[in-house]
Protein chains: 4
Amino acid sequence: MNVHLYYYMTKENSEKRTAILCATLKLITENGFAATPISLIAKEAGVAAGTIYLYFNSKEAMLQVIYLEFKEALTNATIAGFSENLPGRVAIELLLQNYLNFMLKNPLKFKFFEQFTNSPYINKLTKETGLKIFYPIVQVFERAKSERLIKDIPVQILYAHVLAPINHLLRQHLIDEFQFTPENTQIAFQACWDAIKS
Amino acid sequence: MNVHLYYYMTKENSEKRTAILCATLKLITENGFAATPISLIAKEAGVAAGTIYLYFNSKEAMLQVIYLEFKEALTNATIAGFSENLPGRVAIELLLQNYLNFMLKNPLKFKFFEQFTNSPYINKLTKETGLKIFYPIVQVFERAKSERLIKDIPVQILYAHVLAPINHLLRQHLIDEFQFTPENTQIAFQACWDAIKS
Amino acid sequence: MNVHLYYYMTKENSEKRTAILCATLKLITENGFAATPISLIAKEAGVAAGTIYLYFNSKEAMLQVIYLEFKEALTNATIAGFSENLPGRVAIELLLQNYLNFMLKNPLKFKFFEQFTNSPYINKLTKETGLKIFYPIVQVFERAKSERLIKDIPVQILYAHVLAPINHLLRQHLIDEFQFTPENTQIAFQACWDAIKS
Amino acid sequence: MNVHLYYYMTKENSEKRTAILCATLKLITENGFAATPISLIAKEAGVAAGTIYLYFNSKEAMLQVIYLEFKEALTNATIAGFSENLPGRVAIELLLQNYLNFMLKNPLKFKFFEQFTNSPYINKLTKETGLKIFYPIVQVFERAKSERLIKDIPVQILYAHVLAPINHLLRQHLIDEFQFTPENTQIAFQACWDAIKS
DNA sequence: GATGAATGAGGATTCATTCAT
DNA sequence: AATGAATGAATCCTCATTCAT
């Protein structure tokens, strides 16, 4: 029997665990966390309610796990292809486009992120752990600032005018009030750039 | 005492009703809707739990009421001093500043808005009713577009680059990660303008 | 309407509270604490399950309350008619008889006491609070010792030979293996006395 | 190696079975039966949860087994060295001392015995089976009574004044409120004797 | 024989809502 | 109008037991 053919399954990475997380993601973005009973998640995931507790300590713990795993996946996707040698604007557009692509491919995760980032359900520890992952992105802005490519203004304002508009449009996209066509994307990116460029 | 000074109290605006709404606003922005029992709201408002049902049909109904009343107050505050004769940029800055001032003066209401605008707790009907109130603002953008003051791009993108950054900074302001000093406000407004101006 | 006719009912002393405590006492002495669901207690007490939580914080809290109220009632019953002037043996027999009468009249409470005094369900704090009530009884033994009426031996051994036999016989009485006839009672008391007298 | 020394292992006395029983005894005397999950017993015993069901039919069955095995071991230990020819008081003291020694050497088993003898978890059948084992001890008392060594009073009362005090002191000993020093033991035994002697 | 993942029934507790006062 | 005791449905979670490996 060839052991190499077997996919090595741990509790961290099993089919059931994945099914549970997917079901949870789907249901809580749809109905909200409190309005989604464990029994419903179990049904959707095709497991018994008790099984969920083999993989997670509590209903709330699932939230933290989803949040953290999402943050990691998002960061990895966002910095794909990024190099410090890239010219400032190219670098920023690459990051933005990566970010946007990930969110468009994972609309449920985006909805989840929007819903829970500022929610009392996500505890402080998880929030901070999550934010640490994000730090690579800060650097591009700092470098672009020192190269005088973009305005020398507080980084918070820079973020506000780059990420917030994209997130807003993503939200509208999800409720069919906006289409992320290539043309619209270019217009939006250009507006971001106009907002921050020197 | 002049009889005209007496405030005519109906169910729509009695002291108790106000106390209940305030308590609800405070508690659910703090702990979330599901984590705020009616009993706690009653305690905070200084009334009996049963009394709440004299003023509202259900716990969820309170949410809709708060949402709608908030939207109306916000709109009124935002268009204060606005006239169709104002030059485009001045008009937009006035609206923005009004909006910002209202939110800074009513941080709980801003938090509530952020938390519930995209939540499943707010039903579709309420959402649409709420959005209708916002329409006055559309006009300014449309006019500015036709006057070639700002880019001729989809209005959704305009919104995204004007309101979303301000909301983002408000959120950061509330968690003490950003200060809305006059200087920062000017920088942020300028960036909004740079993003959309022709 | 004559207010004096009304029995003043507080949460500490209401019909429902009493019914709940009685039902609990009956059911847990019969089936054990863990084998007695709250739903069953509610049914037996003729109230809704939720009502129980108006009077007690948790299932376990009921146990503590029953234990403490029992200890107090027992102590009061035991020291009834007791005075420091009574001769030693008379005093001890009075206490013993009082104790026995109370237990015979409250067999469920005796069963409860036996079952829970040394159980991990009763927390340390409750145990100690309960024991403090018992102190009056210590004094009689100390006095009798100093008067050379009874043996000058450790008080623990005195207890062992007075209370333990009576408790044992009470236990047998409850399962119909022994009858506390006046004659048997006299024999048992005499044996207690023989065990400890000088 | 001599083949006779090999211990023949059946389900009745394998290492795993013993480990399971020990773990159970330890855990349920500490936390109570209901508060001790099978999973914890399995962990403590170093076996899988499922393994326990190879040796016992149910969680409750383990209790019965422990109870019966304990009763048998206790009886054997108690009657060690006993002969019908021994003089009455010597016989009684021998039995008492044997009983006491066994309990002092097996404090967990004593705790278990105290906790479960009168518990609803031990079913009637087990109780009766268990009590039959104890009968040898009755005889000594009956003989002593007929020899007029001890009072001619109901055997239940005799038990009450001999075993109950010792059990009480054992209980106190286990919670460090009493020391079974040779001196204290002698005092206690003497009191037992004084209680029942003619 | 052993394992331990999976099950799902059962139980404590919470809380929106009602209603007698 | 106002109260708050009472309700009981709903929900999270535990854990004895089974069974495929």
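Chain identifiers are assigned alphabetically (A, B, ...) following the order of the sequence lines, protein sequences preceding nucleic acid strands; residue numbering begins at 1 within each chain.
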Next item on the list: Provide the full list of salt bridge (Lys or Arg N to Asp or Glu O under 4.0 Å) pairs with a residue in residues 49-63 of chain D, sequence neighbours left out, each pair given once.
Entry: none
Checklist line | Residue met sooner reading DNA chain F from 5', once B:Ile52 and C:Ala48 are mapped to nucleotides | finding: B:Ile52
Note to self: Using whole Å, what does the distance between atom P of nucleotide F:dT18 and atom CG of D:Leu54 come to?
What the structure shows: 12 Å
Note to self: Rounded to whole Å, how long is the line connecting atom CG of D:Leu40 with atom P of F:dT14?
What the structure shows: 14 Å
Check: Please give, in whole Å, the distance from F:dA5 P to C:Phe56 CZ?
Finding: 15 Å
Note to self: Counting only side-chain nitrogens and oxygens, does C:Tyr55 get under 4.0 Å of the OP1 or OP2 atom of F:dA5?
What the structure shows: no
Next item on the list: Starting from P on E:dT13, measure out to CD1 on C:Ile41 and report it in whole angstrom.
Entry: 10 Å
Margin query: Wobble G-U and Watson-Crick pairs count when both distances are under 3.5 Å; given that, what is the 5' to 3' dot-bracket string of DNA chain F, with | for pairing to other strands?
Written below: .||||||||||||||||||||
Note to self: Could you work out, with ring pair (Phe, Tyr, Trp, His ring centres under 6.0 Å) as the rule, every residue matching A:Phe112, not counting sequence neighbours?
What the structure shows: A:Phe116
Note to self: Once ring pair (Phe, Tyr, Trp, His ring centres under 6.0 Å) is applied, do any residues pair with D:Phe110, and if so which ones, sequence neighbours excluded?
What the structure shows: none
Note to self: Suppose the criterion is salt bridge (Lys or Arg N to Asp or Glu O under 4.0 Å): which pairs have a residue in residues 30-41 of chain A, not counting sequence neighbours?
What the structure shows: none
Margin query: I'd like to check the side-chain hydrogen bond (donor to acceptor under 3.5 Å, both in side chains) partners of C:Gln115; sequence neighbours left out, ordered by chain and number.
Written below: none
Checklist line | Spacing between B:Lys43 atom NZ and F:dT3 atom P, to the nearest angstrom | finding: 15 Å
Note to self: Going by the rule ring pair (Phe, Tyr, Trp, His ring centres under 6.0 Å), which residues pair with C:Phe56 if we only count those two or more places apart in sequence or in a different chain?
What the structure shows: none
Checklist line | DNA chain F contacts among residues 19-30 of chain B, heavy-atom distance under 4.0 Å | finding: none
Item checked: Test side-chain contact (heavy atoms from CB on, under 4.5 Å) applied to A:Ala73 - qualifying residues, sequence neighbours left out -> A:Phe102
Notebook entry, point to check: Mind checking what makes side-chain contact (heavy atoms from CB on, under 4.5 Å) contact with B:Ala23, not counting sequence neighbours?
Noted result: B:Ile41, B:Glu44, B:Ala45
What N/O pairs connect the protein and nucleotides 9-12 of chain E at under 3.5 Å? Give each pair on its own line.
unit_1 : atom_1 : unit_2  : atom_2 : d
E:dA12 : OP1    : C:Lys59 : NZ     : 2.8
E:dA12 : OP2    : C:Ile38 : N      : 2.8

Margin query: Among D:Leu27, D:Thr29, D:Leu174, exactly one meets side-chain contact (heavy atoms from CB on, under 4.5 Å) together with D:Leu108. Which residue is that?
Written below: D:Thr29
Margin query: With heavy-atom distances below 4.5 Å as the criterion, would you say the side chains of C:Glu69 and C:Leu21 are in contact?
Written below: yes
Checklist line | Upstream residue (5' side of DNA chain F) when B:Lys16 and A:Glu60 are each assigned their closest nucleotide | finding: B:Lys16
Note to self: Checking C:Thr117 now: which residues fulfil side-chain contact (heavy atoms from CB on, under 4.5 Å) with it, not counting sequence neighbours?
What the structure shows: C:Tyr67, C:Phe113
